[in-house]
Amino acid sequence: MKRITVGLLGFGTVGQGTADILRQNCDVITQRTGVEIVVKKALVKCLSEVNPLPVGIEVVTDPSSLIDDPDIDIIVEVMGGYEPARTYSLLALQAGKHVVTANKACVAKHYRELLEAAQLHGVDYLFEASVAGGIPIIKALKESLAGNRIETVQGIINGTANYILTQMTQNSISFYEALAQAQQLGYAEADPTFDIEGIDAAHKIFILALLCWGVELNFDDLYTEGISSISPVDIELAQELGNTIKLLAIAEPEADGRIDIRVHPTMIPSTYPLAAVDGVFNAVYLEADALGPAMFYGRGAGKMPTGSAVVADIIDLARDMACGVAGKRIAPFSFATLRPAQIVPIDEIHSSFYVRFTVKDTVGVMREISRILADNDISVASAIQKGRSNDSTASVPFVVITHEASGLQINKSIREIENLGITTAPTVMIRVEE
Ligand code: NDP
Ligand code: HSE
């Protein structure tokens with residue numbers, strides 16, 4: 001029987017999940033593929049920190065002992081970060097090895113040179129685990145939906161942020177306690193700023209846009225806003241309004257060839273399917289011209305779900321290698337050629353807005369806010385003042401829900417209102433999608 005050998009760059013949450021699945025499910029994997037797949041080596045930083053040592057896997061600290069090992073067919077990069085992940089992946093591709101990764105940061109930042117190296121050396125570069133953990137969205141876009149034009153994609157694609165928002169909403173757990181739980185459960189990035197500030201979701205939606213439309217965008221133009229400014233009062237008010245706050249990643253092509261692509265907290269009706277996606281679960285909702293609407297749902301992070309996606313790529317490679325077509329069948333980003341495209345600036349995007357001002361509880365404050373909004377041509381759908389104080393120096397939340405307006409109009413109004421000196425804390429603005 002043909003034997004395919006894997007080397008793991010990194011042996012943390014995802015590396016161990018990958019090794020466990022390949023070992024635990026080796027019978028069914030072999031029955032399905034007709035190939036025996038074994039992990040030969042795993043790279044770690046420090047041998048003494050690997051406890052217990054894995055059975056049957058040689059643990060090493062020298063990357064070249066994996067990358068240059070002629071016995072190893074597939075290198076799995078699950079170290080995370082930009083460097084040395086990029087360098088090791090490039091070295092592996094240049095050595096004629098197929099590379100599988102879960103590292104969306106590295107894919108989003110370095111896809112161009114990784115893609116070129118893979119093509120030049122006739123090997124594959126696969127990254128199913130890089131978006132939405134265990135959900136097979138990349139394969140769906142590359143293969144199952146290859147005959148469709150994709151019209152829109154919206155997703156909850158960061159498990160940590162969704163876990164935090166769910167814990168704050170359903171269990172009144174504090175932001176930092178919920179983040180600590182997500183870290184403990186192995187969901188968060190090594191630097192959790194990537195999760196809570198939306199950067200990880202931005203990497204993922206950037207990868208989805210490449211796959212949906214073959215577009216090369218400037219990552220730095222992608223509007224990214226995280227959940228760190230969302231407070232319990234916003235969650236409570238959203239619920240009163242029949243809404244749920246989710247960190248959404250959204251991408252859609254415009255008629256002029258530009259791409260509307262962004263990541264930000266969004267209030268969505270609680271009846272909307274994405275509102276029911278809780279905890280570490282992710283979902284990608286898309287509309288395709290032939291298929292129509294479709295939603296992909298599952299665990300977006302964690303050892304075994306993410307390992308499942310990595311193993312799926314390894315199995316694809318094993319099957320393709322068995323037929324002699326690995327690296328030849330499908331372009332890494334699904335399109336034979338990619339095209340550069342511009343991102344629509346966030347200020348041009350129209351929606352309703354939830355705007356929470358923290359103001360001194362004095363007469364005339366609401367009138368001033370209403371006046372400035374009207375001056376900026378913003379029509380107010382409703383306004384809520386939360387709590388009442390007898391102390392005119394105390395602060396209260398004053399919330400306005402607007403009708404459709406542009407980001408430019410809202411930001412200008414907020415600046416003008418804050419300049420009046422009536423606010424006592426930064427204003428919170430959340431887009432409302434209806
Ligand atoms: P971990 O931190 O759990 O594991 C990373 C491992 O790589 C650690 O063991 C780390 O060693 C090792 N490592 C890092 N740098 C080096 C280096 N220079 N040399 C040798 N070893 C190194 O991360 P995860 O497994 O959670 O994540 C891995 C990748 O998978 C990341 O890109 C992440 O974004 C992605 N991912 C993670 C998911 C998850 O649910 N956790 C889901 C989807 C994708 P040490 O511990 O000593 O630092
Ligand atoms: N930190 C990421 C998340 C891991 O929480 O979604 C999965 O990509």
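Sequential numbering from 1 along the given sequence is applied to the chain's residues. Worth knowing before you read on, the calculation uses all heavy atoms, side chains too, and leaves out hydrogens, waters and symmetry mates. All ligand and atom numbering here is 1-based and tracks the order in the structure.
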Return the option from Arg299, Glu83, Lys45 holding the heavy atom at the smallest distance from atom 22 (C) of ligand 1.
Lys45

Options Ala301, Gly10, Ala105, ranked by nearest heavy atom to atom 12 (C) of ligand 1, top entry
Gly10

Tell me the contacting part of Lys104 for ligand 1: side chain, backbone, both, or neither, using a 4.0 Å heavy-atom threshold, strictly below.
side chain

Answer yes or no for atom 4 (O) of ligand 1: protein heavy atom present at a distance under 4.0 Å?
yes

Between Thr306 and ligand 1, which part of the residue brings a heavy atom under 4.0 Å of the ligand: side chain, backbone, both or neither?
side chain

Give me the residue, atom name and distance of the protein heavy atom closest to atom 35 (C) of ligand 1.
Ala102 O, 3.3 Å

Quick look: Val44 vs ligand 1, heavy-atom contacts under 4.0 Å, and the answer is backbone

Qualifying residues under salt bridge (charged side-chain N to carboxylate O under 4.0 Å, His left out), relative to Asp68, sequence neighbours excluded:
none

Short check: is a protein heavy atom less than 4.0 Å from atom 40 (O) of ligand 1?
yes

Where does Ala190 meet ligand 1, judged by heavy-atom distances below 4.0 Å: at the side chain, the backbone, both, or neither?
neither

Starting from atom 6 (C) of ligand 1, locate the nearest protein heavy atom and write down its residue, its atom name and how far away it is, to 0.1 Å.
Gly12 N, 3.7 Å

Let me see the working for Ser65 and Glu58 under side chain to side chain contact (heavy atoms under 4.5 Å, CB included), right down to the final yes or no.
CA-CA 10 Å; Ser65 83; Glu58 190 185 338; 5.9 Å; no

Output block, N or O contacts of ligand 2, threshold 3.5 Å exclusive:
from, atom 1, to, atom 2, distance (Å)
ligand 2, 1 (N), Tyr187, O, 2.7
ligand 2, 1 (N), Glu189, OE2, 2.7
ligand 2, 1 (N), Asp195, OD1, 2.7
ligand 2, 5 (O), Gly159, N, 3.4
ligand 2, 5 (O), Thr160, N, 2.8
ligand 2, 5 (O), Thr160, OG1, 2.6
ligand 2, 5 (O), Tyr187, O, 3.1
ligand 2, 5 (O), Asp195, OD1, 3.4
ligand 2, 6 (O), Asn158, ND2, 3.4
ligand 2, 6 (O), Gly159, N, 2.7
ligand 2, 6 (O), Lys204, NZ, 3.1
ligand 2, 8 (O), Lys104, NZ, 2.5
ligand 2, 8 (O), Lys204, NZ, 2.7

